[in-house]
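The block underneath contains the structure these notes are about, expressed in structure tokens.
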Amino acid sequence: MQKLQFTKMQGAGNDFIVLDGIRQSFALTPAQIRWLADRQFGIGADQILLVERPSRAEADFKYRIFNADGGEVEHCGNGARCFVKFVHAVGLTHKRQICVEVQKGLITLTLQENGEVCVEMGAPLFEPAHVPFDASQIEPRAAGNDTMWPLELNGKRVWVSVLSMGNPHAVQQVEDVETAPVLRDGALIEAHPRFAQRVNAGFMQIIRRDLLKLRVYERGVGETLACGTGACAAAVTALRRGLVDSPVTVSMRGGQLTIIWEGAEIYMVGSAMIVFNGEIDLLDGLAPLSTRLNFN
Ligand SMILES: N[C@H](CCC[C@H](N)C(=O)O)C(=O)O
């Protein structure tokens, strides 16, 4: 049995289990990650964030992000803000500007005087092969400076913009996010065969030129209350379509983020909070999950 200290955090309602992998030594299997993230049998979270020492000289820290389904991912916007608040809260650093190594590369995080965090999210990539998205045998449609692609979902065609924030996103515009079929169509888009590594599916509604509403069906999780990379993907898509101006507020069910994009790096500004600290016995957790009945 191994005791593991953890910190439960949230950024705009997207919630995380943050683990200090610098002062604790452990190795997690995908099954253990699924158990920790399980909202009935474990602690419960959308993602697990693992803080480690950097392997690159220019970085202060490294962190790794795992979805609730156990898969490791390239980037996480809300997680980045939670990371900054965590390392300050536990005394791992007092620096206000931190360079962090994540799977997609190096990002710079800044803890602002007002307690919010500004994340330099990197530049979006639009080439289908970089998402990755299989654009073969279909014709795109222009929308301003943006490109939309047709996706067939069980006989229904939707038009999505595809882009990489380091992780893959498919964004569509809807009339009303509250009535959009996010759970049904989000699941179909996430698993669509044209996305070799699956995809995060965003549903955005333009409210004003400085405000859009967004719901995201996240890869490896399902619908979350907010998605930071998804907010960046939606804002960039709306900006390319000429529907909003930068900076734009992205309002999601769990909170809002400010996204700034002038054509190169994207900046995301928002809050992050510690909810509680805890301790869990690593080995005990697998038993309950193995007894989870599979009725389907
Ligand atoms: N589900 C995402 C990872 C977490 C991203 C999201 N929580 C964020 O804040 O960016 C993916 O599989 O790419």
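We use all heavy atoms of the structure for the numbers below, so side chains are in, but hydrogens, waters and symmetry mates are not. Keep in mind that what you see is a predicted model, and the values were worked out from it rather than measured. Every number for a ligand or one of its atoms is a count from 1 in the order of the listing.
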Please work out, at 4.0 Å between heavy atoms, whether the side chain, the backbone, both, or neither of Gln47 comes within that distance of ligand 1. side chain
Answer yes or no: are there more than 12 heavy-atom neighbours, outside Glu279 itself, under 6.0 Å from its atom CD? yes
Student check: side-chain heavy atoms of Lys95 and Val87 closer than 4.5 Å: no
How about Phe86 and Phe16: are their ring centres within less than 6.0 Å of each other? no
Tyr63 vs Phe83 aromatic rings, parallel, tilted or perpendicular, using cut-offs 30° and 60°? tilted
State the atoms of ligand 1, each with its element, that fall below the 4.0 Å cut-off from a heavy-atom position in Glu218. 1 (N), 2 (C), 3 (C), 4 (C), 5 (C), 6 (C), 7 (N)
Testing Arg64, Lys104, Arg219 one by one against Glu72 for a salt bridge (Lys or Arg N to Asp or Glu O under 4.0 Å), which residue passes? Arg64
Filter on ring-ring contact (aromatic ring centres under 6.0 Å, His included), then keep only pairs touching residues 168-215, sequence neighbours left out; what's left? Phe133-Phe195
If I take atom CE from residue Met252 and atom CG from residue Leu212, how far apart are they, to the nearest 0.5 angstrom? 9.0 Å
To the nearest 0.5 Å, how far apart are CD1 in Ile33 and CZ in Phe66? 4.5 Å
Compute the shortest N/O to N/O distance between Gly77 and ligand 1 and return yes if it is under 3.5 Å, no if not. yes
Give a yes or no on whether Glu58 atom CD has more than 12 heavy-atom contacts from other residues, nucleotides or ligands under 6.0 Å away. yes
For atom 2 (C) of ligand 1, what is the nearest protein heavy atom, given as residue, atom name and distance? Asn200 OD1, 3.2 Å
Which ligand 1 atoms are under 4.0 Å away from a heavy-atom of Val73? 3 (C), 11 (C), 12 (O)
Ligand 1 to Ile65 polar contact by distance, N or O atoms, under 3.5 Å: no
For ligand 1, is any non-hydrogen atom under 4.0 Å from Thr224's backbone (N, CA, C, O), its side chain (CB onward), both, or neither? neither
For atom 8 (C) of ligand 1, what is the nearest protein heavy atom, given as residue, atom name and distance? Gly228 N, 3.2 Å
What about Glu74: any of its N or O atoms under 3.5 Å from an N or O on ligand 1? no
Proximity to ligand 1 by part of Asn78, non-hydrogen separation under 4.0 Å: both
What do you reckon, does Cys76 put a non-hydrogen atom under 4.0 Å from ligand 1? yes
Where does Asp46 meet ligand 1, judged by heavy-atom distances below 4.0 Å: at the side chain, the backbone, both, or neither? neither
Atom 7 (N) of ligand 1 - nearest protein heavy atom and its distance: Asn14 OD1, 2.8 Å
